[in-house]
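One structure below.
Naming convention: chains lettered A, B, ... in sequence-line order (proteins, then strands); numbering from 1 in each chain.
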Amino acid sequence: MKTRPAESPSSAVPAPRTGAGTALDALPGSFYKRPVLEVARDLIGCTVVHGETAGAIVETEAYHQQEPASHAYIGLTPRTSTLFGPPGVAYVYRSYGIHALFNAVCEPEGVGAAVLIRALRPVAGLELMRRRRSRRPPADEAEAGSVGSEGGSGARAMADRELCSGPGRLAQALGIELGENGTSLVRGPVRVLPRERRAPEIVASTRIGITKAAALPWRFSLAGDENVSRPWPSRSR
DNA sequence: CATGGGATTGACT
DNA sequence: GTCAATCCCATGC
């Protein structure tokens with residue numbers, strides 16, 4: 001049984017701006033119903049919120065059905081149906097049998113395109129993130145009941161920059177799983193909030209971990225941010 | 001129905 | 001630098 005009492009209810013999400021009444025307004029669906037390259041760039045600096053954890057996006061990649069690196073390239077299948085559905089929805093899939101990767105579906109319904117969220121700057125719920133990330137994969141033991149020492153089995157202290165600096169890492173840190181595939185990014189459970197500051201300095205480079213269409217400069221990252229995943233983009237653009 | 005290939009990560013040489 | 005872990009699903013017999 002996965003009886004899971006609510007995590008500590010302390011509000012870890014960034015405090016809402018008082019006054020307007022409506023607190024955390026997510027980006028509207030129309031934000032995503034645009035060319036995927038525009039959305040990928042505009043998502044830098046926005047905040048992903050899931051439960052009591054949240055992080056600011058510092059790295060994205062764009063994927064589109066017209067280029068072979070995209071899952072949508074093969075056309076409409078059970079796996080890619082989310083990609084061809086309405087925009088403003090989460091596309092979550094399992095990579096290498098281990099990691100969940102989190103994307104934002106873009107472009108009008110019928111077009112297969114999405115932005116892969118590759119790295120975040122942790123903003124809220126860092127303790128919970130650390131707990132999720134440091135938990136060893138269930139290959140070793142079942143569940144040791146020892147609570148006294150944290151990471152007693154050789155687990156070193158994890159730096160904040162290791163929590164969300166990669167697509168698999170951030171999904172684990174935020175607790176995003178395959179069940180969130182197809183859910184709304186406007187209504188939740190995973191939501192994306194607009195950035196509060198002016199447009200940041202963004203670096204464009206080539207995408208990571210692909211073999212096809214590898215030359216396209218469709219990776220975007222916040223210049224100089226330490227949470228960006230490796231390899232770090234060269235200064236271009 | 002069997003097989004192969006990942007939009008990755010962490011551990012190790 | 002190399003390499004295994006491990007699940008979903010597309011493809012082929």
Side-chain angles (χ1 to χ4, degrees), chain A residues 36-37 39-41 43-44 48 55 57-85 89-107 111-120 122 129-142 151 153-182 190 204-221 226-233:
Chain A
V36 69
L37 283 174
V39 181
R41 177 176 279 271
L43 277 174
I44 300 293
V48 180
I57 300 172
V58 299
E59 182 183 349
T60 62
E61 283 178 0
Y63 288 87
H64 190 279
Q65 64 177 85
Q66 288 185 342
E67 43 89 16
S70 170
H71 290 169
Y73 184 70
I74 61 174
L76 180 59
T77 68
R79 184 194 194 195
T80 63
S81 63
T82 304
L83 285 171
F84 288 91
V89 163
Y91 169 53
V92 185
Y93 70 96
R94 189 167 299 294
S95 177
Y96 291 91
I98 303 176
H99 309 284
L101 268 58
F102 169 58
N103 302 249
V105 176
C106 297
E107 310 241 358
V111 179
V115 174
L116 170 67
I117 309 302
R118 284 194 57 90
L120 308 173
M129 289 184 184
R130 219 171 273 120
R131 211 177 318 149
R132 287 169 171 158
R133 289 273 299 121
S134 61
R135 191 171 231 171
R136 306 262 306 175
D140 207 21
E141 320 169 16
S153 58
R156 296 162 302 222
M158 185 175 305
D160 289 354
R161 54 184 295 176
E162 298 181 77
L163 292 175
C164 299
S165 56
R169 291 172 170 181
L170 73 89
Q172 185 182 29
L174 295 201
I176 298 174
E177 299 175 19
L178 297 194
E180 268 89 33
N181 182 44
V190 184
S205 57
T206 54
R207 295 176 293 182
I208 304 302
I210 57 173
T211 58
K212 304 166 212 167
L216 294 177
W218 285 11
R219 180 193 187 199
F220 303 96
S221 42
E226 63 173 2
N227 296 282
V228 170
S229 70
R230 291 179 304 169
W232 292 293

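Between A:Thr77 and C:dA10, a side-chain N or O to OP1/OP2 separation shorter than 4.0 Å is present. Remark: A:Arg219 is not in phosphate contact with B:dA7, judged by side-chain N or O atoms under 4.0 Å from OP1 or OP2. For A:Arg118, a side-chain nitrogen or oxygen approaches OP1 or OP2 of B:dT8 to under 4.0 Å. Between A:Arg169 and B:dG10 there is a side-chain N or O to OP1 or OP2 distance below 4.0 Å.
We find that OH of A:Tyr91 is positioned 13 Å from P of C:dC8, with the value rounded to whole Å. The distance from atom CD1 of A:Ile210 to atom P of B:dG6 is 11 Å, rounded to the nearest whole Å. Between the P atom of B:dG6 and the CG atom of A:Leu116 lies a distance of 16 Å, rounded to the nearest Å. Between the CZ atom of A:Arg94 and the P atom of B:dT9 there is a distance of 14 Å, given to the nearest Å. As rounded to whole Å, 9 Å separates atom C1' of C:dT6 from atom NE2 of A:His99. B:dA7 atom P lies 14 Å from atom OH of A:Tyr73, rounded to whole Å. Between A:Arg79 atom CZ and B:dA7 atom C1' there is a gap of 9 Å when expressed in whole angstrom units. A:Glu61 has its CD atom 11 Å from the P atom of B:dA7, to the nearest Å.
Remark: C:dT6 base-pairs with no nucleotide in the shown strands. Criterion, Watson-Crick or G-U wobble with two distances under 3.5 Å.
Counting heavy atoms from C-beta outward, A:Ser81 and A:Leu76 have side chains that approach closer than 4.5 Å.
Around atom OH of A:Tyr73, no more than 12 heavy atoms belonging to other residues, nucleotides or ligands sit under 6.0 Å away.
Remark: the A:Arg132 side chain and the A:Gln172 side chain contain no N/O donor-acceptor pair separated by less than 3.5 Å.
Stacking of the aromatic ring of A:Tyr93 onto the base of B:dA7 is not found under the criterion of centres within 5.5 Å and planes under 30°.
Between A:Ile98 and A:Leu178, it is A:Ile98 whose nearest contact on DNA chain C lies nearer the 5' terminus.
Among the atoms of the strands shown, none is found under 4.0 Å from any heavy atom of A:Arg207.
A:Glu180 contributes no side-chain N or O that, together with a main-chain N or O of A:Val190, makes up a donor-acceptor pair within less than 3.5 Å.
Comparing C:dA4 with B:dG4, their P atoms are spaced 16 Å from each other, to the whole Å.
Of the candidates A:Arg169, A:Arg133, A:Arg130, A:Asp160 forms a salt bridge (Lys or Arg N to Asp or Glu O under 4.0 Å) with just one, namely A:Arg130.
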